[in-house]
Amino acid sequence: SPFIPGFEFAGTIVEIGGGCRRLSIGDEVWGLTPPQEGGACAEFVVVSEAAVALKPLDLDWDYAAATPLGATEAMRAVMGFAPSQWPEPKLDLFDKRVLVLGASCAEGVFAVQLCAQLGADVTAIVTPPAPAQDAALLSRFGAERVEVIAPTATILQAIAQECPGGFHLV
């Protein structure tokens, strides 16, 4: 059978299996399909109960469908482990300097927020053309500084020039 792409999904449960204990028909959910399977771009998706969470009520469907992978990967990158082990952080980021590369992508936006919530001094790196609203959004999400570095620059040289003093976590 053909491969159906897509990993992130959001929708309303229309049917549940016999072993399902925490979800009900009609629940609004979001989640991830297994990476080797995909299938989230289909009209319906079948996944295990562990791959699904209740969608926050104040989150619209477009954002709900675009959030799970970016948030999960940011958590893995920052926390060093899978979200199922949350909230036991292995890193103490309080008053530490953190550099987030690609801060305007999904993973970057979540990493900025997570690090800021953990008390880090966050520097967000974006590449042009980064509209002013990217910088404003990242600042609102907790970045102390937003630096625009041209993609032609050697990233290490640009970081050393734009962000003297180094970082505890990149």
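Residue numbers start at 1 and run along the sequence shown.
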Can you check side-chain contact (heavy atoms from CB on, under 4.5 Å) on Asp121 and Asp95, steps first, answer last? CA-CA 6 Å; Asp121 176 344; Asp95 281 339; over 6 Å; no
Could you please spell out the steps behind the side-chain contact (heavy atoms from CB on, under 4.5 Å) verdict for Phe141 and Val109? CA-CA 8 Å; Phe141 285 160; Val109 168; 3.5 Å; yes
For side-chain contact (heavy atoms from CB on, under 4.5 Å), just list the numbers for Phe9 and Val47, CA-CA rounded to whole Å, side-chain angles, deciding distance to a tenth of an Å, and then say yes or no. CA-CA 11 Å; Phe9 63 87; Val47 294; 3.8 Å; yes
Go through it in stages, so that I can follow the logic: the residues are Ser139 and Val146, the test is side-chain contact (heavy atoms from CB on, under 4.5 Å), and I'd like the CA-CA distance, side-chain angles, deciding distance and then a yes or no. CA-CA 7 Å; Ser139 294; Val146 179; 3.9 Å; yes
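Side-chain N or O atoms of Glu37 include none that pairs as donor or acceptor with a backbone N or O of Thr33 at under 3.5 Å. Under a 3.5 Å cut-off, the side chain of Asp27 and the backbone N or O of Val29 do not form any donor-acceptor pair. Counting only distance, with no hydrogens or angles, the side chain of Glu8 and the backbone of Leu69 share a donor-acceptor pair below 3.5 Å. For the pair His168 (side chain) and Arg97 (backbone), a donor-acceptor distance under 3.5 Å is present. The main-chain N or O of Thr123 is never found under 3.5 Å from a side-chain atom of Glu147 such that the two would form a donor-acceptor pair. Arg22 places no side-chain N or O within donor-acceptor distance of the main-chain N or O of Ala53, the cut-off being under 3.5 Å.
Looking at heavy atoms from C-beta onward, Ile25 lies out of side-chain contact with Val14 at the 4.5 angstrom threshold. Contact annotation: the side chain of Phe110 approaches that of Thr67 to within less than 4.5 Å [non-hydrogen atoms, C-beta and beyond]. Counting heavy atoms from C-beta outward, Val100 and Val122 have side chains that approach closer than 4.5 Å. Contact annotation: the side chain of Trp61 approaches that of Thr12 to within less than 4.5 Å [non-hydrogen atoms, C-beta and beyond]. By the 4.5 Å heavy-atom criterion applied to side chains, Asp134 and Val148 are not counted as neighbours. Side-chain contact between Leu23 and Val52: present, with at least one pair of heavy atoms (C-beta onward) separated by less than 4.5 Å. Under the 4.5 Å side-chain criterion, counting only non-hydrogen atoms from C-beta, Glu28 is not in contact with Leu54.
Counting non-hydrogen atoms of neighbouring residues, nucleotides and ligands closer than 6.0 angstrom, the CD atom of Glu43 reaches no more than 12 such neighbours. Surrounding CZ of Phe3 are more than 12 heavy atoms belonging to other residues, nucleotides or ligands, all under 6.0 Å away.
The shortest heavy-atom contact between Tyr63 and Leu59 is CB-CD1, 3.6 Å. Across all non-hydrogen atoms, the minimal contact from Ala103 to Leu138 is O-CD2, 3.3 Å. Nearest heavy-atom pair, Phe7 versus Pro35, reported as atom, atom and distance to 0.1 Å: CE2-O, 3.0 Å. The shortest heavy-atom contact between Leu114 and Ala74 is CD2-O, 4.2 Å. Closest approach of Ala10 to Ala65, counting heavy atoms only: CB-N, 3.7 Å. The minimum heavy-atom distance between Gly142 and Val112, with the atom names listed, is C-CG1, 4.3 Å.
Atom-to-atom distance recorded for Met75:CE and Thr72:OG1 is 7.0 Å, nearest 0.5 angstrom. To the nearest 0.5 angstrom, Ile4 atom CD1 is 9.0 Å from Cys41 atom SG. Here Arg145 contributes atom CZ and Leu99 contributes atom CG; the two are 9.5 Å apart, rounded to the nearest 0.5 Å.
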